[in-house]
Amino acid sequence: MSVFDELKERGLIAQLTNEEKIKDLLSSEKIRFYIGFDPTADSLHIGHFIQVMVMAHMQRAGHIPIILFGGGTAMIGDPSGKSDMRKMLDSETIEYNANQFKKQMSCLIDFSDGKAIMVNNGDWLKDLKYIDFIREIGVHFSVNRMLSAECYKQRLEKGLSFFELNYMVMQSYDFLYLRRKHNCVMQLGGDDQWSNIIGGVDLNRRVDGKEVYGMTFNLLLTSDGKKMGKTESGAVWLDREKLSPYDFYQYWRNIDDADVMNCLKMLTFLPMDEIRKYEKYEGSELNSVKELLAFEVTKLIHSQEDAINARNTAKALFSGAADVDNMPSISIESSDFLDGAISIIDLLAKAGLCLSKGDARRVIKQGGVSVDDVKVKTPFETADMSQFDKGFIVLKKGKKQFVKIILN
RNA sequence: GGGAGAGUACCCAAGUUGGCCAAAGGGGGCAGACUGUAAAUCUGUUGUCAGUGACUUCAGUGGUUCAAAUCCGCUCUCUCCCA
């Protein structure tokens, strides 16, 4: 099966500038394509995951990904679909973030022997001369058309600065630059990038008379149409420091029934033949597919070992047995104790299981906290030094959150 | 540049004859029940803390007052109309 068909069957493709040509191109040639990433955070999150997956699919088929870090454009901020203007970043932060991205992508993308190219658009955008730029590039953009683009609609109601309007022009110029310099003939991106991508396709044709292509893939949405990956504590990060492999695993393990199949197709390399079998699963059968999904995704992003550990820990915890080896943990010192005891509220706060001590109190009152499987009845309870005789205790909040408290 | 209006907690949004306001309602979050570690539903909860009390909040700042989210001055930000 060709990459194109593969991507299509997995439901990754949203829009194409020229379906027939792209299909031919991908099967007859090894092309260079690019995807842009705005390094606005210090870690990728699952919103980026799809893009990396598509890159990986393409790379496995022999095409060469060009990863463009928006060092220049991050200084502006893409207004597409955003309700507010983004804050601007300084160049040290951008560089640091770009390095983090690369590190995380390496688990799916092969960077050896020129199999992938990394560029930073700051390298060419920063030195542009304003007058030259608007004369050569700016003339090709119709403001009327830009304003009618879907992605600016929301901003037109709330206000859009000239500054941000330039984002599309910059991104289009990137494409022109990459085609000239790296013979890059295709740009991929999330479906929200469609306007920006066709901007670049048009620009290549108008300025150099060259035909290039654009392809967007579906955003990772939940069945009710919201962007996936927002949790109470923020985005679902791929960085293990920001979100432990166990929590990462749990995110997928707890996913909505309606989203399981999509995720399996889009976010794993499991063969479609196998995935199709699960399609007719219902009820608790589907529940077991979630375990598979969580395992596969964790394996891709972290490692096989992490995935196995997370699975074991989860299984043990939810079946009642205590495999505490891989549970999130924190350490406390004997100096944290007062008269040989420490309050449960303090432990909850230290473990990050509550937003505030008032929150901790509330949860306890509602019967949501237990220590070593013994329910905490009142907010005044304490944990005794003697309860740590095996070196740790397991603090549980709600049904799914466990933290091992280790006494040093 | 001229004129009109707005800024309330995570978000939306009431409240502006000054006290009964830590602030209605909805969404979201969290916990409990029921379940399949899902969804739906029901219940409770949702500023902070040393929690029957104290403290800090209603864009910022300075006033008036025994008392201000509410009244007055200035500042900032946003939206709309005119240029």
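Below, chain A is the first sequence line, B the second, and so on; all start at residue 1. The basis for the numbers below is simple: all heavy atoms, side chains too, and nothing from hydrogens, waters or symmetry mates.
Atom name C1', nucleotides B:U46 and B:G27: the rounded distance is 13 Å, in whole Å. Annotation: B:G19 and B:U41 have their C1' atoms spaced 42 Å apart (nearest Å). B:C12 and B:A4: their C1' atoms are spaced 24 Å apart (whole Å).
Checked against the 6.0 Å centroid threshold, A:His57 and A:Phe269 count as a close aromatic pair.
Here the P atom of nucleotide B:C30 and the CG atom of A:Leu353 are 13 Å apart, to the nearest Å. At whole-Å resolution of the value, CG in A:Asn254 and P in B:A38 are 6 Å apart. Atom P of nucleotide B:A31 and atom CG of A:Leu395 are separated by 13 Å, given to the nearest angstrom. The nearest whole Å value for the distance from the NZ atom in A:Lys365 to the P atom in B:G44 is 16 Å. Computed from coordinates, the A:Gln366 CD to B:G29 C1' distance equals 12 Å when rounded to whole Å. Between A:Asp359 atom CG and B:G32 atom C1' the separation is 15 Å, expressed in whole Å. Here the P atom of nucleotide B:G51 and the CG atom of A:Asp346 are 12 Å apart, to the nearest Å. Between the CZ atom of A:Phe318 and the P atom of B:A38 there is a distance of 8 Å, given to the nearest Å.
For the OP1/OP2 pair of B:A50 and a distance below 4.0 Å, the side-chain nitrogens and oxygens of A:Lys357 include at least one atom meeting the criterion. Between B:U37 and A:Gln401, no contact under 4.0 Å exists linking OP1 or OP2 to a side-chain N or O. For A:Ser356, a side-chain nitrogen or oxygen approaches OP1 or OP2 of B:C49 to under 4.0 Å. Here A:Lys400 reaches the OP1 or OP2 of B:A38: one of its side-chain N or O atoms lies under 4.0 Å away. Contact annotation: A:Arg361 reaches the phosphate of B:G51 (side-chain N/O to OP1 or OP2, under 4.0 Å).
Comparing A:Phe380 and A:Arg311, the nucleotide of RNA chain B nearest to each residue sits closer to the 5' end for A:Arg311. Two residues, A:Ile255 and A:Gly358, neighbour RNA chain B, and the one matched to the more 5' nucleotide by heavy-atom proximity is A:Ile255.
At a threshold of 4.0 angstrom between heavy atoms, the contacts of A:Gly367 are confined to the sugar-phosphate backbone, with no base atom among them. When heavy atoms are screened at a 4.0 angstrom cut-off, A:Gln250 is found touching base atoms of the nucleic acid. Residue-level contact check: A:Ile364 touches neither bases nor backbone, having no heavy atom under 4.0 Å from any strand. At a threshold of 4.0 angstrom between heavy atoms, the contacts of A:Lys290 include nucleobase atoms, whether or not backbone atoms are also involved. As judged by a 4.0 angstrom heavy-atom cut-off over every strand, A:Arg362 is placed among residues touching the sugar-phosphate backbone only.
Taking OH of A:Tyr246 as the start and CG of A:Asn309 as the end, the distance is 12.0 Å to the nearest 0.5 Å.
If you check the side chains of A:Arg253 and A:Asn287, you find a donor sitting under 3.5 Å from an acceptor.
Ring geometry for A:His63 versus A:Phe33: interplanar angle over 60°, hence perpendicular rather than tilted (30 to 60°).
Considering A:Tyr167, A:Phe141, A:Phe133 in turn, A:Phe133 is the only one that fulfils the ring-ring contact (aromatic ring centres under 6.0 Å, His included) rule with A:Tyr173.
Judged by distance alone, with hydrogens and angles left aside, A:Lys399 brings a side-chain donor or acceptor within reach of the base of B:U35, the pair sitting under 3.5 Å.
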